[in-house]
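Side-chain atoms are counted along with the backbone in the values below, which use heavy atoms only and exclude waters and symmetry mates.
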Amino acid sequence: MKAQLKSYLNRYINFSDNEIDEIYASLNVVTFANKEFILSEGQICMNNYFIMSGLTRSFYIDAKGNEKITQFAIENWWTTNMESFITASPSTSNIQALEKTTVLIISKTELEKLYKSLPKLERFFRIITEKMLIAIQRRSDVYLQMKSKDRYTDLINHFPGFAQRVPQYMIASYLEITPEYLSELRKSL
């Protein structure tokens, strides 16, 4: 696990082995079962989660009682409820494992300690946050303006094999289309 984390971190910032050891010592390893909740609506998100293996979804329940999926996260991605994590306010969404998922957990307290002892880790998380913001902006400004077929094709092209890991009704929710229409799209492709 440490080697996987080192490889990931060093993609953005060069960390020494001692620095990797210090970071790794601040993490806890937890495995969640399929369908287990990592975070539930109303809880305060105290942690940031790095996915070593597995898959999660972030979602909320709208006023009509429908699940609205806002994000999927796979290996080597971070997932959290950023607003709740930063402000210590109750989460307005859920994070759920969609298969057996092993994560490295870092608490906000431990992360703040690491920022002080390893300032370049703060730079690392700034880079990750910028990439996350770009993805969110892309989804709202570009992705949702695309035709449904193009959104599905883009998702499948960027994340090959993803469709086999996630139930079709969840992909439909994420793409903001009906499961029936997604089924038609898949047949036409």
Please name the pair of heavy atoms, one in [X] and one in [Y], separated by the smallest distance, quoted to 0.1 Å.
| X | Y | answer |
| --- | --- | --- |
| Thr79 | Asn48 | O-OD1, 3.3 Å |
| Ile51 | Ile74 | CB-O, 3.6 Å |
| Ile177 | Arg151 | CG2-NH2, 3.4 Å |
| Pro90 | Ser84 | C-OG, 4.1 Å |
| Ser91 | Asn81 | OG-ND2, 3.0 Å |

Checklist entry - Same cluster or not: are Tyr115 and Ile106 linked, directly or through other Ile, Leu, Val, Met, Phe, Trp or Tyr residues, by side-chain heavy atoms under 4.5 angstrom apart? => result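 Yes; Ile106 is reachable from Tyr115 via cluster members.
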
Find the distance between [atom1] ([X]) and [atom2] ([Y]) and round it off to the nearest 0.5 Å.
| X | Y | atom1 | atom2 | value |
| --- | --- | --- | --- | --- |
| Phe15 | Leu118 | CZ | CG | 7.0 Å |
| Ile23 | Lys6 | CD1 | NZ | 11.5 Å |
| Glu176 | Thr70 | CD | OG1 | 10.0 Å |
| Leu182 | Tyr174 | CG | OH | 13.5 Å |
| Ile44 | Ser89 | CD1 | OG | 7.0 Å |
| Lys100 | Glu36 | NZ | CD | 11.5 Å |

Next on the checklist: A side-chain contact here means heavy atoms from C-beta on lying under 4.5 Å apart; do Glu67 and Ile61 qualify?
Outcome noted: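 Sidechains of Ile61 and Glu67: in contact.
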
Checklist entry - Does a side-chain heavy-atom distance below 4.5 Å link Thr80 with Leu39? => result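 Sidechains of Leu39 and Thr80: no contact.
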
Checklist entry - Going by the angle between their ring planes, with limits at 30° and 60°, are Trp78 and Phe50 parallel, tilted or perpendicular? => result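 Geometry flag for Phe50 against Trp78: tilted rings.
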
Checklist entry - Any idea how Phe37 and Phe59 line up, ring-wise: parallel (<30°), tilted (30 to 60°), or perpendicular (>60°)? => result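 Phe37 vs Phe59 ring planes: tilted.
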
Checklist entry - Can you list the steps and then say if Ile171 with Ile69 is a side-chain contact (heavy atoms from CB on, under 4.5 Å)? => result CA-CA 8 Å; Ile171 292 174; Ile69 297 174; over 6 Å; no

Any carboxylate oxygen within less than 4.0 angstrom of a Lys/Arg side-chain nitrogen, looking at [X] and [Y]?
| X | Y | value |
| --- | --- | --- |
| Lys187 | Glu184 | no |
| Glu130 | Arg126 | yes |
| Glu19 | Lys120 | yes |

Checklist entry - For the rings on Trp77 and Phe159, is their centre-to-centre separation under 6.0 Å? => result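 Yes: the rings meet the under 6.0 Å criterion.
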
Checklist entry - Is the distance between the ring centroids of Tyr8 and Phe124 under 6.0 Å? => result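 Centroid distance Tyr8-Phe124: below 6.0 Å, so yes.
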
Next on the checklist: With a sphere of 6.0 Å drawn around NZ of Lys108, does it hold more than 12 non-hydrogen atoms of other residues, nucleotides or ligands?
Outcome noted: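 Yes - once you tally the heavy atoms of other residues, nucleotides and ligands closer than 6.0 Å, there are more than 12.
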
Checklist entry - Got a sec: does the CZ of Arg123 have more than 12 other heavy atoms crowding it under 6.0 Å? => result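 For Arg123, atom CZ is not crowded (no more than 12 foreign heavy atoms under 6.0 Å).
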
Donor-acceptor check, side chain of [X] to backbone of [Y], threshold 3.5 angstrom: yes or no?
| X | Y | result |
| --- | --- | --- |
| Ser93 | Tyr60 | no |
| Thr129 | Phe125 | yes |
| Asn47 | Tyr49 | no |
| Thr101 | Glu99 | yes |
| Gln168 | Ala163 | yes |
| Ser188 | Leu185 | yes |
| Glu110 | Ser107 | no |
| Gln96 | Lys35 | yes |
| Asn66 | Asp62 | no |

Next on the checklist: Arg186 vs Tyr152, test: side-chain contact (heavy atoms from CB on, under 4.5 Å). Steps then yes/no.
Outcome noted: CA-CA 9 Å; Arg186 293 181 71 222; Tyr152 179 70; 3.3 Å; yes

